[in-house]
**Student:** 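Please read through the structure below; I'll follow up with questions.
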Amino acid sequence: MYVGRFAPSPTGPMHFGSLVAALASWLDARAARGRWLVRIEDLDAPRQQPGAAAVILRTLERLGLAWDGQVIYQSVRAPLYEAALARLQRHTYWCGCTRREIADSALGHAGDGAQIYPGTCSRGLAPGRTPRALRLRAAAGAIGFRDRVQGAQSQTLAREVGDFVLYRADGQFAYQLAVVVDDAEQGVTDVVRGADLLDSTARQIHLQALLGVPAPRYLHVPVAVNAHGEKLSKQTGARPVDPAQRDRVLSEALRFLGQPATPDLDEAVAAWDVAAIPRRRTTALADG
Ligand SMILES: [Zn+2]
């Protein structure tokens with residue numbers, strides 16, 4: 001049984017980029033006669049906007065993108081993430097480096113812009129140092145997977161990402177940990193999301209292998225960017241999706257995904273063609 005999901009962060013109202021991800025995921029699930037779940041990724045409290053989750057859910061409803069079952073919220077699932085950390089214990093170590101020390105010692109930048117940690121604390125924390133973050137030892141070998149749109153992918157975590165953070169001593173669980181735990185716990189078989197997360201996938205597959213949970217299939221759709229190549233978001237001034245303009249908004253998102261533009265979602269499900277999705281990571285929009 002196909003199980004898909006849409007997992008927005010409640011940092012603001014829904015914008016075109018997140019609509020594209022939601023619609024692609026919904027269409028893929030409905031075309032497979034599967035279930036489609038919604039999960040609110042509200043772990044990063046400082047970035048959140050009060051009420052944004054409710055606005056996103058109301059927008060999905062008004063667009064006709066109905067979900068199955070209860071919406072889950074990551075902020076109340078800490079015991080699950082703690083249990084996963086306990087199971088990963090022998091693959092993790094405490095890092096005491098400050099931001100400054102990491103910036104000064106980094107081996108370069110990973111694809112997502114994060115600094116590549118050189119493993120300074122991997123043999124144990126020096127006496128007197130405060131533990132700041134729990135890191136996972138990155139896999140030495142290449143991790144390969146086939147993305148349903150982007151094709152064959154490969155990443156060597158040890159060289160391209162470094163030992164990455166799963167948990168911070170201030171109580172913050174990392175996105176990479178939470179997403180893997182939740183996808184497994186919810187029985188997600190198919191992850192459909194924006195290609196800005198393509199670089200996270202090998203980390204998630206590594207975690208799935210260490211936790212002994214199945215890896216879902218992956219499909220990464222192009223990300224809408226503005227004329228400067230910046231992802232559309234509240235920060236880059238993207239306009240929120242207006243559900244009162246439902247037909248126009250859905251048609252634009254379908255066209256973006258290489259699908260026939262129709263405001264009729266039943267037609268869109270029947271016409272859903274993964275092979276027609278543009279095989280690239282970003283698509284610039286004239287007007288963000
Ligand atoms: Zn360190």
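Quick caveat, the model's predicted, so the values are computed rather than measured. Just so you know, ligand 1 is whichever comes first in the structure, and atom 1 is the first atom listed for that ligand.
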**Student:** Locate the shortest heavy-atom distance separating Val3 from Gly187; write the atom from each residue and the value.
**Tutor:** CB-O, 3.3 Å
**Student:** Check whether the side chains of Ser200 and Gln176 place a donor and an acceptor atom closer than 3.5 Å, and report yes or no.
**Tutor:** yes
**Student:** Can you name the closest pair of heavy atoms from Leu211 and Ala84 and give their distance?
**Tutor:**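 Scanning both residues completely, I find the closest heavy atoms to be CD2-O, 3.9 Å.
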**Student:** Output all residues satisfying ring pair (Phe, Tyr, Trp, His ring centres under 6.0 Å) with Phe164, sequence neighbours left out; order by chain, then residue number.
**Tutor:** none
**Student:** Nearest 0.5 Å, what's the CD-CG distance between Gln74 and Asp182?
**Tutor:**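 Between atom CD of Gln74 and atom CG of Asp182 there are 4.5 Å.
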**Student:** Around the Zn ion (ligand 1), what protein N, O or S atoms are found below 2.8 Å?
**Tutor:**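 Less than 2.8 Å away from the Zn ion (ligand 1) sit Cys95 SG, Cys97 SG, Tyr117 OH, Cys121 SG.
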**Student:** With no hydrogens and no angle check, do the side chains of Glu267 and Thr262 hold a donor and an acceptor under 3.5 Å apart?
**Tutor:**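 Distance-only check passes for Glu267 and Thr262.
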